[in-house]
Amino acid sequence: MKLLPLVWRNFGRRKTRTAFTLLSIVVAFILFGYLSAIDVAFSFGVDILGADRLITYHKVSLVQLLPYSYQDRIAAIPGVKDVATAVWFGGVYQDPKNFIAQIAVEPERFLRVYDEFVLPAEQKRAWLEDRTGCIVGRKTAERFGFKIGDRIPIQGTFYRKSDGSSLWEVTVRGIYAGAKSGVDETQLFFHYKYLDEAREHSQGETGWFTLRIDDPERAADVARAVDTTFANSSYETKTSTEKAFVQGFANQLGNISAILEAVMLAVFFTILLVAGNTMAQSVRERTAELAVLKTLGFSDGAVLGFVLTESLLLSALGGALGLLVGWLLITVGGDPTGGLLAVFFFPATDVARGVLFVVLLGLASGVLPALQARRLAIPDALRRTGA
Amino acid sequence: MSALAQLLAVTAIHLRSLPQRLGSSAAAAIGVAGVVATMVAVLAIAEGFEAALSGSGARDTAIVLRSGSDTEMSSLLTLEDARVIADGPGVRHSPAGPLTSAELFVVVDVPKRSTGTAANVPLRGVEPAALQIRRDLRVVAGRAFEPGRNEILAGVGAAQQFADLEIGSTHRWSGTEWTVVGHFSSGGTLWESELWCDARVLQPLYRRGSTVQSVYVQLESPAGFAAFKDALTSDPRLDVKVMLEETYFAEQSEALHTVITSLGFFIATLMGVGAVFGAVNTMYSAVASRTREIATLRALGFGAGPVVVSVLAESTLIALAGGVAGGLAAQLAFDGYRTSTLNWSSFSQVTFAFDVTPALLALGVAWAIGMGLLGGLLPAWRAARLPVAQALREL
């Protein structure tokens, strides 16, 4: 396109204005990136969960414990492929501010059911062999500088050892990573056996069960079969898909995240509005020049394209830079609360959504002036500015 | 002409021409308003949450947990412990005995009204003195539960946020039927988020045997706390942690408060940067449109100072208008808005109201003024350095 150099020269005409318009678009899209990441954080990555997992927990509340013996009975239910149990330990590492989710599991079953946790084979072997061993997520290992072989003292709050001490020590035997983005890489997993044998109360009890089922289509049937098995016992259960479970948990946080997101979205569009207005204004100021172009013989369509190209190019530059910087900040810098949000990343679908907004911004801010430019009657336009 | 008179004259001329640039000024003001409204709204969440928790703690009430426990949820005490604690020094007595309440804290699933999905609602088993220990507590509808019966007294916050807590409705937990017999209020504090019942009927139900989780103690005076704490922690029969209720609840709110305020400030800063860029552009075009005017003034002998101040005044005024509008919008839309969320430290729901405090509004306006000054700085600098002769020739 012949006019491209002219578009480029126009950017340089009012350098400061171009720069600040560009910068506000960049900031708007960085904000958009954080908006997406916060949304993911508050929904606990519910979108990436497989549909073939169910969670069984105490009917009264997740906090109540279930008998460990349920594990074999659940495994025997038709449609259940595998089952793993877990207990929330809830201890404190040095200071309550250093929150780490510590969960007691049976390593082999756990790694079978949760195949999104990737652990090198030799680390897995080391963990299986050490009853007081544990594995920690990559993010937590980075946050506290944990290395393989480190001993981590955890102060039990709910659980004490039968000798009365509340100090539990675990040794890091592996550092796991998520198989895909969105997997929680902040937890610490240690042996259920270690917990159960040493604790002073609640022996033989466990927190919840995660079931892997053969056919996601039959999830509702399997869930009903599990709950029927334990109906009218003193430990009744409630079973739901992992997705529904996590969604329910996210709902518990309430509309705080919804409000946060709504307001941020409003600001995102406000910044775009201001930037768009400036872009449109800069075209309006040049009415006379567009008339000159037409006088020189450029067609109406060419002038329309010229104006649209300018706004699209500016929003594309700003948008691309904003999305890139946003992605870098989120991926490298992590979440702004310093590790309290377990899942924090910029999902690819939202990047795509961002690109769509970039195009829309370019079109929206350019289309009106562009149409005006196309309709421009040369004598009027030349006269209007008194040039 | 004195410097001050110059300054006022130039600023007045400048501001009077503001209506000519209404469009772009309004756009900049809206940008600032959005930033301030967001910041105030987000911080109002944190304020409201903190107010609900810290308002719950009295300065003359102590909470006793097992040592090493951070929350009632993870604590465990025997009834024998509770008796020793009630005998502690400085405990206030009523005609019925010491004002202490050994309590159980469990969580039950109750559907949330807004989503229909189950939420962790706290169910607290209390002793009779509990209603006297929390002084703000009033039964506002129905009646209190009767000792020994499976009856529930629901907080008004819980009754509003969660389904099926009307008086007369029943719930089945662990094979036992519970009836809601009344609602209580406690001045917007944490207790309103809870369901209360008799501790003795809750104990067997949750297989807690003869254990409790916490003991609340009303002291004769706040000054007696140190002696009470020392006596308990040095008692060989006990292994406990003694805290003022006030301190305990302040610690409880810390995690969520940190998350919300750090997110709030982070977002507000990022948005503020965007709004400043918008303001810079607006002011640049304001200066550009008045180039000849400013040059004329300079030629007449007006100093650079008044010109700088007039540009800064305009940008600050625009931002201030935006800031006030944004603050008011947040106040109107969110102040007093009731919602509930999961308190991460007790793993149970807390209902609370957004609290747009005067301090937050002031912070919002201060933020707006800051954005206005930053946005006006570069354009003002440009206006002051305009070469007079060249500017007069322009256009």
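Owing to the predicted nature of the structure, the values given are computational and were not obtained by experimental measurement. In the text below, chain A, chain B and the rest are named by the order of the sequence lines, each starting its count at 1.
Of the atoms belonging to Ser67(B), heavy atoms from both backbone and side chain fall under 4.5 Å from chain A. Contact of Leu65(B) with chain A is not made at all, since no heavy-atom distance falls under 4.5 Å. Using a 4.5 Å cut-off between heavy atoms, Phe29(A) does not touch chain B at all. The part of Arg382(B) that comes within reach of chain A is its side chain, from C-beta onward, which places non-hydrogen atoms under 4.5 angstrom from that chain. No part of Phe265(B) comes within reach of chain A, as not one of its non-hydrogen atoms sits under 4.5 angstrom from that chain. For Val92(A), the part lying near chain B is the side chain, with the backbone staying farther off; criterion is any non-hydrogen pair under 4.5 Å. Heavy atoms of Ser233(A) lying under 4.5 Å from chain B are absent altogether. Of the two parts of Val280(B), only the side chain, counted from C-beta on, holds a non-hydrogen atom closer than 4.5 Å to a non-hydrogen atom of chain A.
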Verdict with reasoning, Ile38(A) to Phe266(B), per side-chain contact (heavy atoms from CB on, under 4.5 Å): CA-CA 12 Å; Ile38(A) 288 174; Phe266(B) 178 78; over 6 Å; no
Step by step, work out the side-chain contact (heavy atoms from CB on, under 4.5 Å) result for Gln247(A) and Thr115(B). CA-CA 10 Å; Gln247(A) 185 62 54; Thr115(B) 58; over 6 Å; no
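Nearest heavy-atom pair, Gln64(A) versus Val107(B), reported as atom, atom and distance to 0.1 Å: NE2-O, 4.5 Å. Shortest non-hydrogen contact noted between Asp109(B) and Tyr57(A) is OD2-CE1, 4.0 Å. Taking every heavy atom of both residues into account, Val27(A) and Leu270(B) meet most closely at CG1-O, 3.2 Å. Summarising the geometry of Gly274(B) relative to Ser24(A), their closest heavy-atom pair is O-CB, 4.0 Å, with the distance given to 0.1 Å. Between Arg66(B) and Phe158(A), the shortest heavy-atom contact is NH2-O, 3.1 Å.
Thr71(B) has its side chain out of reach of Thr157(A): every pair of non-hydrogen atoms, C-beta onward, lies at least 4.5 Å apart.
Separating the CZ atom in Phe277(B) from the CD1 atom in Ile25(A) is a distance of 11.5 Å, to the nearest 0.5 Å. The distance from the CG atom of Asp239(B) to the CZ atom of Arg160(A) is 4.5 Å, given to the nearest 0.5 Å. Taking CZ of Phe99(A) as the reference point, atom OG1 of Thr258(B) lies at 13.0 Å (rounded to 0.5 Å).
Atom CG of Asn232(A) sits in a sparse spot, with 12 or fewer heavy atoms from other residues, nucleotides or ligands closer than 6.0 Å. Around CH2 of Trp208(A), the count of heavy atoms belonging to other residues, nucleotides or ligands within 6.0 Å exceeds 12.
Residues forming a side chain to side chain contact (heavy atoms under 4.5 Å, CB included) with Val356(B) (at least two apart in sequence, or on another chain): Val40(B), Ala44(B), Gln331(B), Asp335(B), Leu361(B). By the ring pair (Phe, Tyr, Trp, His ring centres under 6.0 Å) test, Tyr93(A) is found to be paired with Phe144(A), Phe146(A), residues two or more places apart in sequence or in another chain being considered.
The candidate with the highest count of non-hydrogen atom pairs below 4.5 Å against chain A, out of Asn120(B), Val350(B), Val121(B), is Asn120(B).
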